[in-house]
Amino acid sequence: MSSLEISSSCFNQETKLLLSPPLAEGSAFEPYRGDMDEVEEKSKNIINFTAEKLSVDEVSQLVISPLCGAISRFVGTTRNNFEGKKVISLEYEAYLPMADNEVRKICSDIRQKWPVKHIAVLHRLGLVPVSEASIIIAVSSAHRAASLEAVSDAIDTLKAKVPIWKKEIYEESSSWKRNKECFWASNN
C-alpha cells in the first residue's frame, strides 16, 4: 500500500482517511508546475475610497499571487465605545485627490523598503456602522516578514499623512476626531 491510512470506527461503520494520494507502481512524484510561467507577473497597487461595505475576503483576493507565500492584512473596524460613550457609527470624509496621491506615495515607499508583490488599500467613506470595516490594507510577498512590516508601516503612515477625517456618532451627540498621529495635528 503506497498511502498511509487511518481507520476509525464510528457507530460501527469503518471510515478510512487517506493522508496522501496513492501513487501508481513505478511512478515518480511530479510536483505541480502549473503557474511557473507567471514569474513575470506585474506588481500592482489597488487603491479605492468607497461608500460601499468592504469585504476582507474580496480585498485579500486582490493581492493573491502564485509567487507569494504570505498575505498580511490590517482591518480597522468601528468599535462601539469611546471614552465611556456609546458609539453608533463613524463617518469618514476625505479630500480625495490628495488622499489618493498620498496613498500612492505610501505604496511607492513600501516598495522601496520591502520586496512586496501587490498592495491593496481600501478605505470606506460615509457612515460605517459598528463592527464594519473602515479600512482594509492587504500586502502580498514571498515571505511573511516583508508583508507584515509593510502593512504596519502602511497604516501608521496613512494615519499620519492622508487627509481623511473621522466623525464619531454617539447616541445623543457627535464629534469630529482629530487624528493625534497626523502631521498637521501638532500645529493646532
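Below, all heavy atoms of this structure are taken into account, side chains as well, without hydrogens, waters or symmetry copies.
Atom CD of Glu58 is surrounded by 12 or fewer heavy atoms from other residues, nucleotides or ligands within 6.0 Å.
Under the salt bridge (Lys or Arg N to Asp or Glu O under 4.0 Å) rule, Asp153 has a single partner from Lys161, Arg111, Lys113, which is Lys113.
Looking at every heavy atom in both residues, Cys68 comes nearest to Ser141 through CB-O, 3.2 Å. Taking all atoms of both residues into account, the shortest heavy-atom contact from Thr78 to Pro129 is CB-O, 3.3 Å. Minimum interatomic distance between Ser140 and Ile71 (heavy atoms only, all atoms of both residues): CB-CG1, 4.0 Å. Nearest heavy-atom pair across Arg144 and Ser72 is O-OG, 4.3 Å. Looking at every heavy atom in both residues, Glu91 comes nearest to Trp176 through O-CZ3, 4.1 Å. The two residues Ile64 and Glu41 make their nearest non-hydrogen contact at O-OE2, 4.3 Å.
Between atom SG of residue Cys107 and atom CD of residue Glu102 there is a gap of 11.5 Å, rounded to the nearest 0.5 Å. Atom CD1 of Ile136 sits about 9.5 Å away from atom CG of Leu62, to the nearest 0.5 Å. With values rounded to the nearest 0.5 angstrom, Arg124 atom CZ is found 8.0 Å from Thr50 atom OG1. Ile119 contributes atom CD1, which lies 11.0 Å from atom OG of Ser147 (distance to the nearest 0.5 angstrom). Here the OG atom belonging to Ser173 is positioned 10.0 Å from the CD atom belonging to Glu168, to the nearest 0.5 angstrom.
Within the 3.5 Å criterion, the main-chain N or O of Lys117 finds a donor-acceptor partner in the side chain of Ser43. Not one N or O on the side chain of His123 forms a donor-acceptor pair closer than 3.5 Å with the backbone of Ile135. Ser152 contributes no side-chain N or O that, together with a main-chain N or O of Glu149, makes up a donor-acceptor pair within less than 3.5 Å.
Hydrophobic clustering of Ile, Leu, Val, Met, Phe, Trp and Tyr side chains at less than 4.5 Å, counting indirect connections, keeps Val162 apart from Ile46. Under the 4.5 Å side-chain contact rule for hydrophobic residues, Leu54 and Phe49 do not share a cluster. Val121 and Trp114 end up in the same hydrophobic cluster when Ile, Leu, Val, Met, Phe, Trp and Tyr side chains are linked at under 4.5 Å. In the hydrophobic clustering of ILVMFWY residues, with side-chain heavy atoms under 4.5 Å counting as a link, Leu127 and Val87 come out apart. Under a hydrophobic-cluster definition in which Ile, Leu, Val, Met, Phe, Trp and Tyr are linked whenever side-chain heavy atoms come within less than 4.5 Å, directly or via other members, Tyr170 and Val130 are assigned to different clusters.
In this structure the side chain of Glu171 never reaches within 4.5 angstrom of the side chain of Lys85, judged on heavy atoms. Looking only at side-chain heavy atoms (C-beta outward), Asp57 and Gln61 stay at 4.5 Å or farther from each other. Two residues are said to be in side-chain contact when any heavy atoms from C-beta on lie closer than 4.5 Å; Arg73 and Val59 fail this criterion. Side-chain contact check for Ile110 versus Thr157: every heavy-atom pair is 4.5 Å or farther apart.
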task: Under the side-chain contact (heavy atoms from CB on, under 4.5 Å) rule, what do Leu96 and Leu125 come out as? Steps first, then yes or no, please.
output: CA-CA 10 Å; Leu96 288 176; Leu125 299 176; 3.8 Å; yes

query: After noting the C-alpha distance and the side-chain angles of Ser131 and Thr77, does the key distance pass the side-chain contact (heavy atoms from CB on, under 4.5 Å) rule?
result: CA-CA 6 Å; Ser131 298; Thr77 60; 5.9 Å; no

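Using a cutoff of 4.0 Å between basic side-chain nitrogens and carboxylate oxygens, Arg104 and Asp100 are scored as salt-bridged.
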